[in-house]
Number of protein chains: 4
Amino acid sequence: MSDHQDAGVRLEPALGRPRSADATEAVLAAALALAYEGGVHHATAARISERSGVAKTTIYRRWPNAAAVVMDAFLDEITPLIRYRRRADVRATFIAAIKELARALRGPRGDLLRHLLGVAQTDLELQKAFWDQWISPRRVQAKEVIAEAKTLGQLRADLDEDVLIDTLFGAVYYRLMIPYAEVSGPYIEALVDQVLAGASGPRI
Amino acid sequence: MSDHQDAGVRLEPALGRPRSADATEAVLAAALALAYEGGVHHATAARISERSGVAKTTIYRRWPNAAAVVMDAFLDEITPLIRYRRRADVRATFIAAIKELARALRGPRGDLLRHLLGVAQTDLELQKAFWDQWISPRRVQAKEVIAEAKTLGQLRADLDEDVLIDTLFGAVYYRLMIPYAEVSGPYIEALVDQVLAGASGPRI
Amino acid sequence: MSDHQDAGVRLEPALGRPRSADATEAVLAAALALAYEGGVHHATAARISERSGVAKTTIYRRWPNAAAVVMDAFLDEITPLIRYRRRADVRATFIAAIKELARALRGPRGDLLRHLLGVAQTDLELQKAFWDQWISPRRVQAKEVIAEAKTLGQLRADLDEDVLIDTLFGAVYYRLMIPYAEVSGPYIEALVDQVLAGASGPRI
Amino acid sequence: MSDHQDAGVRLEPALGRPRSADATEAVLAAALALAYEGGVHHATAARISERSGVAKTTIYRRWPNAAAVVMDAFLDEITPLIRYRRRADVRATFIAAIKELARALRGPRGDLLRHLLGVAQTDLELQKAFWDQWISPRRVQAKEVIAEAKTLGQLRADLDEDVLIDTLFGAVYYRLMIPYAEVSGPYIEALVDQVLAGASGPRI
DNA sequence: TTTTAATCGAGACGGTACGTCGCGTCTTGTT
DNA sequence: AACAAGACGCGACGTACCGTCTCGATTAAAA
């Protein structure tokens, strides 16, 4: 759960009636189900309210709009599925990480991410949530991997980390949002290999 | 101008009153102005109609929805600004092309593209228009550049073209849609250099 | 029908699609039925829309709020029921007029008027509609009756018309809104008689 | 102060924490201020609570709804302003009483009464409160005046008291709720005079 | 010259969703 | 018990756009 309101830690003894955890759960579940059924636009505040049994006002008391609810629910669901795990070398680690990501996004989950990223383009708050809760933490992990690899001599010492991450994951998101071809296993291997080896012709 | 309706050629001698070309122009201009003023969502059918003096019916007779009008107007405007031009070598050609693209998208125009790409995620017709009129033609041009470079030995012969394009432009679109940092001149040079040189450490 | 919008006469040839008379009728009928069923507050815009089959937006296009619809419907219904008719003398004319009014307001119709007058206290537009379409025309008729009676010597020549009307009808509305007792036939006769005869004791 | 709850006498020794008198006072003051600022509808339970610093729960423990609070506050304020005082004769007594009433209701206080009477039309409890605490006691006083006047021969012995009160005060409330003209001093004199003298022409 | 047919402007229409307000009730911990 | 705080379910509000429709008025080629 990653509420929009209480992102920070609440230290005060919490005056008044506490927020219902059941309600939160029911709302997130309903929102996710609706979004999978008919796309982000199908998960309206009214429908989430009806399906979850939680009043519309309660929803708006906690999230700025329906899309934000779906975003929270989506992130709750996907975060545990895509953790970096160290492999033999950088190549293997990145291939594994990207394959795990691609697998997690295969099918309706990918569409949902596409839609959310789409809506985030015209919704600053969502944009920020996207960065804070999805992109940024994963970049941090990627940078740790890169740093280790540099130490081990697997990556060039003068390498620009951001460029490396942008090229690897940029390619994946590019194919997600402009879906002219699949992000297949072989593609991922070719992608990582080429990014590591470079595109230049033989320097003789 | 790239009307959605008369993509095919009209062979019949066109009975009745012919469509007004002025109307089309006025609609596109109004749509673009509105989108720049307040985002894609500000360019509603009603507002475009009012601003352009063209009836809503007429708009819907030619475009499926308001976003499609904005897309058409946007593509009309941007296409001439981003043509590939050959330089000394692949490196220079790509750097120049990406810099031109980045320059064209700096400021409000980039936001508009972001928004359109966003809306396209939940609008199949727009998705297709995006691919057909923006992405695809540019990929064709890029592939010509790559082919030439392969012939000249500037790029590896066994190179996967799609991967190369995905990494280069994926990085740019990634930074466009997840705007954590600018697509600056130095960044573009670093990007192209690293993609060409590869990220691997020294093979001893 | 007494639309809030086109109170004045429209001379222009009426551009665009004309307003549906059926819709107007259906809305008024639904509003009145709902108000009789459960009071003015039961005639909400949503319910009127549902019952009449006319979209909520169409309702708001013509009336400022649900209460105004009920008011229009009520006035349409009641106006033909309470016309002044001349009798033998002023006394008989007023008694007949007030009895007709009382009869028309007996039962649910009186409650509806009470409610509407109530709502009008916090709604300027309704207040005005009330005066223009209900009170004012009836006062005009009353003044004609008074003028005639003065000519015939049935009423004192120096009489203040407004005071006379205020006392007669003020008493009726007073009992309507502060319903401590009924506006019965005998009461009406006593009312008119006492207003005509005066309350003063015998001038010896 | 005329609490809705403890109309009956509380005989039990009152277990637990006793009710705060300060709270009651603060609530009434806040309610009245809010009603004067923006009309009865502006005095919502939430706003009264916030302004007075008294919890919403506490308010609902003592009054059935926000309008009842305003009513209580209004009556507390106005009651001392409008006591009957005997003058030379009935005519003078009534003129003085009505003038005092009119003076008290001039300006925002009249609007507030209008609004309350309006709301009372759709709120039985308020309706009753209105009668019990405002209208009824004043009618009792009026009847005493009338009885005295009858004894003194200033009013006809066979006079119907209710009709007399209805006509005099009905006219005032009529002009309050259907404000087509002011309740001015001269108007009040003309009103009382005409009600006393009668409207009939000369019986020759 | 008169059809004939598609276009155009204007604007009404049925719908869906929005985000907010106010209601009166409830669940906390505190007095 | 009563209290402050505030969450909660509920119903209604009035608005924004959507895409469709129905008018009368143009506009040009076909009859």
Round to a whole Å and report the spacing from CG of D22(B) to P of dT7(E). 16 Å
Between dA28(F) (C1') and R19(B) (CZ): distance, integer Å: 16 Å
Taken to the nearest whole Å, CD1/I59(B) to P/dT7(E) is 15 Å
Could you pick out which residue, A23(D) or A66(C), lies toward the 5' side of DNA chain F when each is mapped onto its nearest nucleotide? A23(D)
Identify, residue by residue, the members of residues 34-45 of chain D with a heavy atom below 4.0 Å from DNA chain F, and return them in order of residue number, or none. none
OP1 or OP2 of dA12(F) under 4.0 Å from side-chain N/O of R47(C): yes
R47(C): partners by side chain to side chain contact (heavy atoms under 4.5 Å, CB included), with sequence neighbours left out: L34(C), H42(C), T44(C)
From CG of L15(A) across to C1' of dA5(F) the rounded distance in Å is 6 Å
In this structure, CD1 of I48(D) is separated from CG of L32(D) (nearest 0.5 Å) by 10.0 Å
Please determine whether any donor N or O and acceptor N or O are separated by less than 3.5 Å between the side chain of R17(B) and the base of dT26(F). yes
Measure the distance from CD on E50(B) to C1' on dC17(F) and round it to the nearest whole Å. 14 Å
Quiz question: going by heavy-atom distance under 3.5 Å, is there a donor-acceptor pair between the base of dG6(F) and the side chain of K56(D)? no
Separation of dT7(E) C1' from Y60(B) OH (nearest whole Å): 18 Å
Just to confirm, is there a sub-4.0 Å distance from OP1 or OP2 of dC8(F) to any side-chain nitrogen or oxygen of T57(A)? no
Round to the nearest Å and state the distance from W63(A) atom CH2 to dT20(E) atom C1'. 18 Å
Should M177(C) and Q127(D) be marked as a side-chain contact (heavy atoms from CB on, under 4.5 Å) after you check the CA-CA gap, both sets of side-chain angles, and the distance that decides it? CA-CA 9 Å; M177(C) 306 204 66; Q127(D) 176 88 268; over 6 Å; no
Measure from the side chain of R61(D), starting at C-beta and using heavy atoms only, and say which of dT20(F), dG14(E), dC3(F) lies closest. dC3(F)
Pick the closest DNA chain F nucleotide for A55(A) and for A21(D) by heavy atoms, then say which residue is nearer the 5' end. A21(D)
W63(D) side, atom CH2; L28(D) side, atom CG - distance, nearest 0.5 Å: 4.5 Å
Evaluate whether atom CD of E50(C) has more than 12 neighbouring non-hydrogen atoms of other residues, nucleotides or ligands under 6.0 angstrom away. no
Point-to-point distance, once rounded to the nearest 0.5 Å, from NE2 of H41(D) to NE2 of H115(D): 8.5 Å
Closest-nucleotide mapping onto DNA chain E: is N65(A) or G16(C) further toward the 5' terminus? I mean the 5' end. G16(C)
May I ask you to say what S49(C) touches in the nucleic acid, namely base, sugar-phosphate or nothing, with a heavy-atom cut-off under 4.0 Å? nothing
Which residues pass the side chain to side chain contact (heavy atoms under 4.5 Å, CB included) test with A26(C), not counting sequence neighbours? S52(C), V54(C)
Using only side-chain N and O atoms of T58(D), determine if any of them is under 4.0 Å from OP1 or OP2 of dA4(F). yes
